[in-house]
There are 2 protein chains.
Amino acid sequence: MPRNRTEDDPKASLRGRAATINDIARLAGVSKKTVSRIINRSPLVRADTREKVETLMREVGYVPDPMARGLAFRRSFLIGMIYDNPTAQYIVDIQYGALDALRDSGFELVVHPCDSRNPNYVDGVRRFVQQQKLHGVMLVPRVSEDQAMADMLAEVGCRYARIASVLLDNPERMVVTHDRDGAAEVADYLQSLGHRDVAMITGPATYRSAIERTLGFVGALERRGIELPKSRLVEAGYTFESGVAAAEKLLAGKKRPTAIFCGNDEMAAGVYRVALRTGIQIPKQLSVVGYDDSPLASRLWPPLTSVRRDTRDTGRMAAAMLLQTDGAPRPLSSVRPHLVIRDSCQPPA
Amino acid sequence: MPRNRTEDDPKASLRGRAATINDIARLAGVSKKTVSRIINRSPLVRADTREKVETLMREVGYVPDPMARGLAFRRSFLIGMIYDNPTAQYIVDIQYGALDALRDSGFELVVHPCDSRNPNYVDGVRRFVQQQKLHGVMLVPRVSEDQAMADMLAEVGCRYARIASVLLDNPERMVVTHDRDGAAEVADYLQSLGHRDVAMITGPATYRSAIERTLGFVGALERRGIELPKSRLVEAGYTFESGVAAAEKLLAGKKRPTAIFCGNDEMAAGVYRVALRTGIQIPKQLSVVGYDDSPLASRLWPPLTSVRRDTRDTGRMAAAMLLQTDGAPRPLSSVRPHLVIRDSCQPPA
DNA sequence: CTGAAAGCGCTTACAG
DNA sequence: CTGAAAGCGCTTACAG
């Protein structure tokens with residue numbers, strides 16, 4: 001004789017409702033506290049009880065309600081991504097990386113761009129963090145470089161992960177991108193090609209990345225016996241237009257540098273623009289190197305040699321750091337840039 | 001004699017805790033139900049009661065807890081953004097637009113990229129929507145064009161806003177981008193310059209935008225007495241590399257078209273690449289037009305004439321549509337593309 | 001127009 | 001190793 005369908009199939013007894021912790025407890029014949037322990041991976045559950053309950057959860061497709069859990073925990077299952085205004089590709093890559101780490105974790109990614117030039121922007125983030133009771137936030141440059149932001153988060157007890165070119169904080173809260181090394185590699189490469197009169201277009205000194213890339217480039221040149229005069233170092237704004245203006249300055253005089261390293265690809269595109277307008281051939285008469293290895297680098301002609309950063313990995317590490325809750329020691333999260341050689345450089349004429 | 005500080009300043013009685021609905025009710029001398037009515041903009045509250053409670057809320061900086069509210073409502077205050085794999089700039093612009101609409105609404109944006117080539121991707125979105133009890137989702141092309149996705153969302157009772165080139169659904173759930181019109185404008189422009197032997201590199205026919213841009217271009221040409229032979233219509237993949245391959249095909253023969261319209265800027269960059277390699281001068285020997293007006297368009301040389309879409313507005317409209325809850329009739333959300341003329345076209349030689 | 005009771009689906013604090 | 005009670009901060013359903 002066929003058994004009652006309700007007994008046969010635990011799913012049927014729910015009549016299409018999503019299961020709750022009470023359903024699981026009832027169907028498994030345990031208390032909801034025991035189910036809760038299993039949800040939260042408590043070791044205080046007998047192996048066979050755990051096995052039975054987990055099987056049941058899988059059968060009925062039970063997933064705990066993040067809002068109920070969040071309400072009881074006084075903390076949501078949301079990770080915030082706080083960023084200022086870098087390039088679209090960078091932002092999207094960080095997001096993809098973060099989502100790689102969050103996949104199947106029960107956590108979701110909430111995006112929160114902001115304007116760090118606004119004097120109240122830290123307060124805006126504070127409200128966001130407190131109202132949503134965020135589990136943690138990822139801080140992307142340049143927001144990540146702002147100590148006032150980190151201090152505010154520490155004050156309100158929100159964990160954070162800072163992505164920056166150098167170790168600005170406790171290693172447990174950092175992903176370090178070592179921009180100095182990437183820039184040094186560019187210097188070594190240009191020197192190896194025989195360049196001695198080189199120039200650099202840097203990003204704004206308000207960005208730590210701009211400072212690090214400059215230090216790395218200048219330092220490595222010095223180590224190889226090449227000095228970079230002040231006139232060969234032009235600060236620009238990490239934008240195409242500012243790159244055009246800087247290139248005009250560097251390429252105006254009689255004695256031009258034979259190579260220019262740009263703090264990012266956008267500014268390198270500005271150098272290309274000026275070179276095209278003024279009839280300077282790249283790489284024959286001028287070598288150019290960028291930083292970011294953005295899609296633009298391979299769209300330009302000739303394809304731009306540039307420093308690649310593993311942005312997706314960076315995002316993944318930052319998010320993973322926020323999920324780890326056991327307090328176990330971890331090695332420093334660190335991602336290394338490396339030079340991608342294309343066709344924009346050759347030995348000087 | 002100074003009054004007790006606790007009586008004087010309602011904030012002090014909280015001793016640094018965030019206020020809850022109970023605090024507000026107690027301090028205002030009303031029931032929590034009345035506070036709840038005010039939070040939810042119920043008209044069933046006397047004006048002076050409302051005034052008193054709202055003032056108090058402002059004074060103590062009270063904001064209702066989204067998780068508690070969500071738990072009781074059985075629906076979160078999260079908007080999901082579902083997208084497949086378009087360009088980074090497009091995704092970021094949609095996000096910015098959505099956040100414009102969500103600002104100060106109490107809603108947050110949760111990003112959810114997915115892979116529409118995966119046969120189970122609709123189920124993945126279903127789990128996301130149900131587990132998070134999303135308030136609504138924005139569907140970005142090409143996901144937005146998938147009827148199975150819309151059907152699933154209707155089935156589980158999740159509201160959605162579809163961004164697409166044509167009206168695929170109830171106008172209350174659509175933002176229409178009219179790609180056909182943008183492409184028609186390109187045809188008119190090229191015809192007005194005197195081009196008669198033109199070509200088009202289209203996106204993949206699995207994208208509705210690719211079909212619409214093709215129809216718009218071909219249709220407008222026909223209206224002006226120009227027929228586009230099959231050989232002048234090459235399908236590519238919306239990528240730089242596929243644009244290169246398509247351009248090689250179009251520019252190989254003796255009799256080249258005098259103008260090429262590309263379904264997006266990435267493919268137009270591919271045409272530039274082939275023109276540079278083969279010594280074809282743009283715009284002197286070949287006019288080129290793109291679609292998207294991405295940053296790339298103005299980085300290329302000569303700067304690329306392209307169709308601009310107001311992506312940020314598109315995102316704003318889609319999010320705003322999800323927030324509107326009063327069911328009042330709205331005009332169709334619609335955004336018009338327009339041609340941005342730069343230096344990549346001139347009359348044929 | 002206003003409120004007391006019960007409940008949303010979980011966890012914490014305590015007891016055994 | 002397991003569970004009964006109380007509570008997280010709101011809303012719904014009902015009553016007045």
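In what follows, chains carry the letters A, B, and so on, assigned in the order in which the sequence lines appear, proteins first and then strands, with residues in each chain numbered from 1. Just so it is clear, the structure is predicted and the values come from calculations on it, not from any experiment.
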Is there a donor-acceptor pair closer than 3.5 Å between any side-chain N or O of R74(B) and the backbone N or O of A72(B)?
-> yes

Under 4.0 Å: is that the gap between some side-chain N or O of T34(A) and OP1 or OP2 of dG3(D)?
-> yes

Mind checking whether K32(A) and T20(A) have side chains closer than 4.5 Å, heavy atoms only?
-> no

Between dC10(C), dT11(D), dA4(C), which nucleotide has the shortest distance from any of its atoms to the side chain of K32(A)?
-> dC10(C)

According to the interplanar angle, ranging from 0 to 90°, do the rings of H112(A) and F128(A) count as parallel (below 30°), tilted (30 to 60°) or perpendicular (above 60°)?
-> parallel

Under 3.5 Å side-chain donor-acceptor pair for D169(B) and Y160(B) = yes

How close or far is atom C1' of dC8(C) from atom CZ of F77(B), stated in whole angstroms?
-> 13 Å

Record whether the side chain of R37(A) comes under 3.5 Å of the base of dT2(D) through a donor-acceptor pair of N or O atoms.
-> yes

N or O in side chain of N22(B) less than 4.0 angstrom from dC10(D) OP1/OP2 = no

Does any non-hydrogen side-chain atom of S42(B) lie less than 4.5 Å from one of N40(B)?
-> no

N/O (side chain, S36(A)) to phosphate O (OP1/OP2, dT11(C)) under 4.0 Å | yes

Around atom CZ of R330(A), are there more than 12 heavy atoms of other residues, nucleotides or ligands at under 6.0 Å?
-> yes

Side chain of A72(A) only, please: which of dG3(C), dG3(D), dT11(C) is the nearest?
-> dT11(C)

At under 4.0 Å, does any side-chain N or O of T20(A) touch on OP1 or OP2 of dG9(C)?
-> no

Base, sugar-phosphate, or nothing for Y62(B), non-hydrogen atoms under 4.0 angstrom?
-> sugar-phosphate

Selected nucleotide, minimal atom distance to R46(A) side chain, candidates dT12(C), dG9(D), dT2(D) | dT2(D)

Which dot-bracket notation, 5' to 3', represents the base pairing of DNA chain C when pairs are defined as Watson-Crick or G-U with both distances under 3.5 Å, crossing pairs as [ ], and inter-strand pairs as |?
-> |||.||||||||.|||

Between dT12(D), dT11(C), dC1(C), spot the one nearest the side chain of I39(A), thanks.
-> dT11(C)

Report yes if at least one side-chain N or O of T49(A) is closer than 4.0 Å to OP1 or OP2 of dT2(D); otherwise report no.
-> yes

Within the pair R69(B) and dT11(D), is there a side-chain N or O less than 4.0 Å away from OP1 or OP2?
-> yes

